[in-house]
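Scope of the values below: all heavy atoms of this structure, side chains included, with no hydrogens, waters or symmetry mates. First the proteins, then the strands, lettered A, B, ... as listed; each starts at 1.
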Amino acid sequence: MTFQLTKEQELLRTMVRKFAETEVEPIAAEIDQTGEFPKENVEKMKKLGLLSIPFPTEWHGAGGDNVSYAIAVEELSRVCGTTGVICSAHTSLCAWPIYHFGTDEQKKKYLVPLLNGEKLGAFGLTEPNAGTDAAGQQTKAVKDGDSWILNGSKIFITNGGMADTFVVMAMTDKSKGTRGISAFIVESSYEGFSIGKKEDKMGIRASATTELIFENCRIPAENLLGVEGKGFKVAMTTLDGGRIGIAAQALGIAQGALDKTVAYLDQRKQFGMKLKKMQALQFEIADMKTRVEAARLLVYSAAWKKETGQPYSVDAAMAKLFASETAMHVTTKAVQLHGGYGYTKDYPVERMMRDAKITEIYEGTSEVQKMVIAGSVLR
Amino acid sequence: MKIIVCVKQVPDTNEVKIDPKTGTLIREGVPSIMNNDDANALEAALKIKDAEPSTHITMVTMGPPQADVMLREGLAMGADEAVLVSDRLVAGSDTWATSNCISAAIKKIGDYDLILAGRQAIDGDTAQVGPQIAEKLGLPQVTYVEDLEIEGDKLTVKRALEDGYEMIEVKLPCLLTAIKELNEPRYMSVPGIFSAYKKDITVWGAADLELSADIVGLDASPTNVYRSFTPEPKGKGKMIDGDTPAELVSGLLSELKAKHLV
Ligand SMILES: Cc1cc2nc3c(=O)[nH]c(=O)nc-3n(C[C@H](O)[C@H](O)[C@H](O)COP(=O)(O)OP(=O)(O)OC[C@H]3O[C@@H](n4cnc5c(N)ncnc54)[C@H](O)[C@@H]3O)c2cc1C
């Protein structure tokens, strides 16, 4: 057994950290305030290959692996949770299902531009009445000659309004329940497709979370992704991988809050000494650090299992459950250790605590992760 | 066009901390990086390659086996090839011995139109190795390059001076040393990182370059380091307040008098 990252993975961390600290961190507080999608940085990330990491070069991917991808999301999220999820949603939720379930034609037409930096991707599963119970899809797709006609709406879609390519679930045969759901590739330019309300969120405020609206949106038949009636499987398998991305985001947020807190304790003095000299606070740091490391092991191990072709869905669920709870715990403690200053926007831990919360909710709430984990143990 | 870029691995001085008790540098745990000016030299080569993709860039370095990481970084930025000269015999070389070694490596590479180096390394600050290589290869050189344009086999180079600049025309082949004003080094690219480790790095020992202990290494080096020390940190400057020039001058004079300087 080895716990050693490869040289490529180490070098990638160096590169992403430098990019994150130079390009992302300086605007993180600002985009949190304005809610403005960081377009310029996303363009830079596309050019550098940060949105194509775990895909082979034959499809214009970066030729990297899933652990590297997790490291990249971690390092971006360490300074900005928004930027981390933009990368994660694009990579795990849009490019991956097309790579995994798509035909060669679909890959040529949609995957290549998602990986070579031309296009941004998103994933539409959640609906106003189909959240945790994602099987309750109300968006309908009806076959009409050599096209499908989509009607309905999606809610809370990351990169909505910014993406060019969407993987969207819809009911093709209601009578069959989950076996009546199919997945489609939708282009933002299709007639009948529009972007609805943009959410005003607690955290990850610049990630562009919007409604998607389909009004007689006509989709060519060849844009069916995978097999008709197997869309629920596409969605669930996609989320298994996506959870590694969100777990990595949570890990990064936690690490970022820990780093900021360590620096703060070295600077702030009370009772004539630096805070870092106080054992009560040292013990908090010890506890935060231990949780972060434990989360990291779970995240990397899930990513490594995916990379090496082992079953990883339960690992991804455990990684996401633990890492997101770690992010919440560590950021809350980080604010506490900053005292009143931590409760203000003058220090980044305030933003990090708000950003952390979403990791316990999307791509399956913590409750859902527990269902997956318990289900694997209690057969 | 064939370009050779001379690069050196150095400790990241931004990360070097000073031991508060002994006042010496703590090198332990300090990450190594590609020397800043060398990254500018590499970037200049990469820009030429951006404009003319047939350009071939070879990095050359003298250093320990660990310099491999820095070369991979250069490959991940877009260089085509890397040569590492590594041998116990060259350890402890001063600038004269180092330029003997590197010019020998460049001779062995043979085919080149342009050599780029950084102005100086942040761990030595001599600014001698680049010019010495040019001398030893019998090439024209322009130092402190802050801008450059290529037209056929002619380069127009802006050379920074302390109080201005010179515009110099020079013919290829030649050697240039880069300063940070020349450009902003790019990030490694992600595909670059994964292909960097698929490439072979050429490693040459002293024997491959027919180098002997009388021209490389510590004993061959004419420079002896007598003592190294951390310079006393400079005190904070003092701003003198005043609304009129007369007030400012009298403020300055009274400061200088108080210090018995005038
Ligand atoms: C910022 C943001 C970005 C998002 N991005 C995307 C995206 O890109 N694509 C996409 O498709 N979706 C996205 N979502 C949707 C997200 O995945 C859902 O919000 C999430 O799955 C929960 O669904 P819900 O909000 O309807 O909550 P509900 O399902 O209504 O859940 C409410 C509460 O009840 C609990 N609960 C529900 N059922 C059970 C049960 N059976 N047992 C125990 N507890 C239960 C839940 O855990 C939760 O605590 C995003 C959401 C947000 C807020």
So OG1 of A:T14 and CE of B:M188: to nearest 0.5 Å the spacing works out to 5.5 Å

* Asked: Can you find a pair of side-chain heavy atoms, one from B:I193 and one from A:M15, that are under 4.5 Å apart?
  -> yes

Quick check: are there more than 12 heavy atoms from other residues, nucleotides or ligands sitting under 6.0 Å from [atom1] of [X]?
X      : atom1 : answer
B:E149 : CD    : no
A:E118 : CD    : yes
B:Y197 : OH    : yes
B:K2   : NZ    : no

Heavy-atom nearest pair, B:F194 first then A:S68, reads CZ-OG, 3.3 Å

B:P191 and A:G49 have their tightest heavy-atom pair at CD-CA, 4.1 Å

Among A:E10, A:K18, A:E23, the residue with the most heavy-atom pairs under 4.5 Å to chain B is A:E23

Honestly, the part of B:R72 sitting under 4.5 Å from a heavy atom of chain A is both

Per side chain to side chain contact (heavy atoms under 4.5 Å, CB included), B:V190 is matched among A:L50, A:L51, A:V16, A:L11 by A:L50

message = I'd like to know whether B:Y187 forms a side chain to side chain contact (heavy atoms under 4.5 Å, CB included) with A:T22, so could you lay out the CA-CA distance, the side-chain angles of the two residues, the decisive distance to 0.1 Å, and finally the verdict.
response = CA-CA 11 Å; B:Y187 296 100; A:T22 324; 3.2 Å; yes

